[in-house]
Amino acid sequence: DALPLIVTHGWPGSVIEQLKIVEPLTDPTNHGGSASDAFHLVIPSMPGYGFSGKPTTTGWGPERIARAWGELMKRLGYTRYGAQGGDWGAIVTDLMGAQEPEGLIGIHTNMPGVIPPAIDAALAKGDPLPEGLALSEEEQRAVEQLDFVYRHVYYAYMMGSRPQTLTGLADSPVGLAAFLLDHDAASLALISRAFAGHAEGLTRDDVLDNITLFWLTNTAVSAARLYAENKSSFFGVNGVRLPVAVSVFPDELYQAPRSWAEQAYPNLVHYNRLDKGGHFAAWEQPELLVEEVRAGFRSLR
């Protein structure tokens, strides 16, 4: 009676991100839950990442990956399942929700796409916000966070415009490590503390395992191409009508306001703000994410 769930990683992550949530989600009775909380997990590498093949043609953006995941679950024989993701995984999961493949009953995201279109467009271009907007304190804070993100994601601009020139990532393990570590300020600070001997959610081995997977499979450049293939907004509304569960971690790139989540997801079944955790929630705070996933899908079983 376990609920099938397809879980999608992000960049610079991999399936390494999800290793800590596997046993708690599949064997809840031995990890603080009840048998009714059990999941069947499908945790694929995205095309170009880790153990997956490297696309040899263009077109493998998040929309196509979302369609491929629907086909994957169909071929595996699942007729009723959920989807979960963060970072790119959140975008793929959101697009699955919009595409509504047969059998998908709902999604859980820890990086929701809820930014109103006019605000998202202005922030992405560095333009002033539309006149006459009345923003709550929570919404204004989200705007400030997103403005900071768009001004500091030059790794994404590089991969989105010239991914094939990043050949140094395939030639230098130190260069690869430096590039993968500097994703966002909060995550970099967390990783720095781990390497300084103050483990709190991540260990040195956690970080090195992920980098090593990219190095041994030589997928730094092929993974970067996802940014060039993307035609979607990173945080914009995708028109999801299916049930949606949202978990907001305090050190995420931005903290999605409930008001925007309710507008973007008319069938919002769960919304919760956590008191710790960041962008790579499954990797950093697996216990909290497990509880959120259980709670998010409980009403849909």
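Sequence positions, counted from 1, serve as the residue numbers for this chain. No experiment lies behind these values; they were computed from the predicted model shown.
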Side chains of residues 51-64: which donor-acceptor pairs under 3.5 Å do they make with residues two or more places apart or in other chains?
unit_1 : atom_1 : unit_2 : atom_2 : d
S52    : OG     : S45    : O      : 2.7
K54    : NZ     : N218   : O      : 2.8
E63    : OE2    : S232   : OG     : 2.7

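Shortest non-hydrogen contact noted between P243 and I105 is CD-O, 3.3 Å. Scanning all heavy atoms of the two residues, the minimum distance from G10 to D87 falls at CA-OD2, 3.3 Å. Taking all atoms of both residues into account, the shortest heavy-atom contact from L41 to I21 is CD1-O, 4.2 Å. The two residues V7 and P44 make their nearest non-hydrogen contact at O-CD, 3.4 Å. Shortest non-hydrogen contact noted between S299 and V269 is OG-CB, 4.2 Å.
Under the 3.5 Å distance criterion, the side-chain polar atoms of S187 are left unmatched by any main-chain donor or acceptor of H183.
Residue pairs meeting the side-chain hydrogen bond (donor to acceptor under 3.5 Å, both in side chains) criterion with at least one member in residues 7-24, sequence neighbours excluded, are T8-W69, S14-N210, K20-D206. For residues 122-149, every residue pair satisfying the ring-ring contact (aromatic ring centres under 6.0 Å, His included) rule, not counting sequence neighbours, is listed here: F148-H152. Listed by first and then second residue, the ring-ring contact (aromatic ring centres under 6.0 Å, His included) pairs involving residues 236-272 are F235-Y254 (not counting sequence neighbours). Residue pairs that meet the ring-ring contact (aromatic ring centres under 6.0 Å, His included) test with at least one member in residues 103-141, sequence neighbours left out, do not exist here.
Contact annotation: the side chain of F280 never approaches that of L190 to less than 4.5 Å [non-hydrogen atoms, C-beta and beyond]. Between L166 and M158 the shortest side-chain heavy-atom distance falls below 4.5 Å.
For the ring-ring contact (aromatic ring centres under 6.0 Å, His included) test with F234, the passing option among Y157, W88, Y150 is W88; the others fail.
With respect to E229 and R225, no salt bridge is recorded, no charged nitrogen being found less than 4.0 Å from a carboxylate O. Salt-bridge check for E100 with R241: failed, with every basic side-chain N at 4.0 Å or more from each acidic carboxylate O.
Using a 3.5 Å distance cut-off with no hydrogens or angles, the side chains of D120 and S233 do pair a donor with an acceptor.
In this structure, R301 fails the cation-pi test against Y81, since its NZ or CZ atom is not both closer than 6.0 Å to the six-membered ring centre and inside 45 degrees of the ring normal.
Remark: R294 pairs with E291 by the salt bridge (charged side-chain N to carboxylate O under 4.0 Å, His left out) rule, at least two apart or across chains.
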- [ ] Take E252 and R273 through the salt bridge (Lys or Arg N to Asp or Glu O under 4.0 Å) test and state the conclusion after the steps.
- [x] CA-CA 11 Å; E252 180 54 271; R273 296 174 74 94; over 6 Å; no
Derivation and outcome, side-chain contact (heavy atoms from CB on, under 4.5 Å), residues M111 and I91 | CA-CA 8 Å; M111 193 187 82; I91 297 171; 4.2 Å; yes
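Within 6.0 Å of CZ on R162 lie no more than 12 heavy atoms contributed by other residues, nucleotides or ligands.
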